[in-house]
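What follows is one structure encoded as structure tokens, with my remarks underneath.
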2 protein chains.
Amino acid sequence: MNIGEAAEQAGLPAKTIRYYEEIGLVAPDRSENGYRDFSDTHIHKLKFLSRSRNLGFSIEDCRVLLSLYEDKNRASGEVRDVAKEHLSAIETKIAELQSMHATLSHLVHKCHGDDRPDCPILDELSA
Amino acid sequence: MNIGEAAEQAGLPAKTIRYYEEIGLVAPDRSENGYRDFSDTHIHKLKFLSRSRNLGFSIEDCRVLLSLYEDKNRASGEVRDVAKEHLSAIETKIAELQSMHATLSHLVHKCHGDDRPDCPILDELSA
DNA sequence: CCTTGACCTTCCAGTGACTGGAAGGATTAT
DNA sequence: ATAATCCTTCCAGTCACTGGAAGGTCAAGG
């Protein structure tokens, strides 16, 4: 199948699929006319990538996960380690964002937000 | 003061300060030897930028906030709008991360994580 | 048969916000 | 005098795409 249909099936932009090929995540065949030709296996892989990326895994994580997926003798512990590492990165990020949110929402509440120039938000940023 | 001390005072890497100059966020003077020369006002601005960036504002937001800061007649409502917009972006991001976290921690718990190849995480990613 | 439009190809450049490093000039300390 | 440290500019790389240009291919309609 051509890249357009592959994109639709996998839920990824065609551009992204070309990029994934370029960095060696997927290797579609080529038709005689030079068009990429995706099999169901390729689509499967692309969906795997799409789901992994949606869970926030980096491309390099995805590469590892894919290779573990294709290694029928992998230890599930290895997969778990990658996932746990990523989980704690997510936790860190959430904590950072929550801290920003707390500070900022406090400031927004303190600011009357009208036509007057007096502004606690700027006061805090410049303090 | 030279860039090294400015960096220390502002809590920003020298490289970052040069970058901020390049994109027009700060405009230090120059000494005769060609070195950048930072006044207290410049340091103040750099600290402002550092704090804003730490709250997650984009560089373009920072540019707006700085110009509002320097406009003594600004309406605090404008500042508040920028901050509120950013707050809701943070909220969106937190929600996304929490959703990823929920899915992933569920999978991690389901995976026994030992030497056997059977792995619910990969099953889910490939499902 | 020709054209139109939708598809496909490659290649190059840009995004955000830095960060690293090379090559070389200036200053300071010994 | 020399070594260490600081400063300068410029170029390239990061991450994961995304946009666009220039051009080849294919299916449908007139």
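None of the values given here were measured: they were computed from a predicted structure. Both backbone and side-chain heavy atoms feed into the values below; hydrogens, waters and symmetry mates do not.
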Base, sugar-phosphate or nothing for B:Ile23? Non-hydrogen atoms, less than 4.0 Å. nothing
Who pairs with A:Arg63 by salt bridge (charged side-chain N to carboxylate O under 4.0 Å, His left out), at least two apart in sequence or on another chain? A:Glu60
Can you run through DNA chain C from 5' to 3' and write each base as (, ), [, ], | or . depending on how it pairs? Watson-Crick or G-U wobble, both distances under 3.5 Å. ||||||||||||||||||||||||||||||
Rounded to the nearest Å, what distance is computed from the OH atom of residue B:Tyr20 to the P atom of nucleotide C:dG16? 14 Å
Length of the CZ-P vector between A:Arg18 and C:dC7, whole Å: 12 Å
Heavy-atom side-chain proximity of A:Phe57 to A:Val64 below 4.5 angstrom: no
Should the pair B:Glu96-B:Lys93 be classified as a salt bridge under the 4.0 Å nitrogen-to-oxygen rule? yes
Check this for me, if you would: do A:Arg116 and A:Asp118 make a salt bridge, where the nitrogen-to-carboxylate-oxygen distance has to be below 4.0 angstrom? no
Measure the distance from CG on B:Asn2 to P on C:dT27 and round it to the nearest whole Å. 10 Å
Going by number, which of residues 26-64 of chain B have a non-hydrogen atom under 4.0 Å from DNA chain C? B:Asn33, B:Tyr35, B:Arg53, B:Ser58, B:Ile59
Measuring from B:Gln98:CD to A:Gln98:CD, what's the distance to the nearest 0.5 Å? 6.0 Å
Using the heavy-atom set of chain A and a strict 4.0 Å cut-off, write down the first and last nucleotide of DNA chain D that makes it in, 5' to 3'. D:dA16 to D:dC26
So, do B:Pro117 and A:Lys72 sit near enough that their side-chain heavy atoms are less than 4.5 Å apart? no
Which residues, if any, of residues 4-11 of chain A bring a heavy atom under 4.0 Å of DNA chain C? A:Gly4
Working for side-chain contact (heavy atoms from CB on, under 4.5 Å), residues B:Arg36 and B:Ile17: CA-CA 10 Å; B:Arg36 287 169 183 80; B:Ile17 297 177; 5.7 Å; no
Quick test of your reading of the model: are B:Glu70 and B:Lys45 salt-bridged, counting only N-O distances below 4.0 Å? yes
Does A:Glu21 pair with A:Arg30 as a salt bridge, N-O distance under 4.0 Å? yes
So do the side chains of A:Cys119 and B:Arg80 get within less than 4.5 Å of each other, counting heavy atoms only? no
Does any N or O in the side chain of B:Asn2 come within less than 3.5 Å of the main-chain N or O of B:Gly4, such that one atom is a donor and the other an acceptor? no
Side chains of B:Leu49 and B:Tyr20, heavy atoms from C-beta outward: is any pair under 4.5 Å? yes
For DNA chain C, which residues of residues 83-101 of chain A approach it to below 4.0 angstrom with any heavy atom? none
Would you say the side chain of A:Ile43 lies within less than 4.5 Å of the side chain of A:Met1, judging by non-hydrogen atoms? yes
Before you tell me yes or no, could you show the steps for A:Thr103 and A:His106 under side-chain hydrogen bond (donor to acceptor under 3.5 Å, both in side chains), namely the whole-Å CA-CA distance, both residues' side-chain angles and the distance that decides it to 0.1 Å? CA-CA 5 Å; A:Thr103 305; A:His106 176 66; over 6 Å; no
Just how far is it from atom CG of B:Asp61 to atom CG of B:Leu66, taken to the nearest 0.5 Å? 11.5 Å
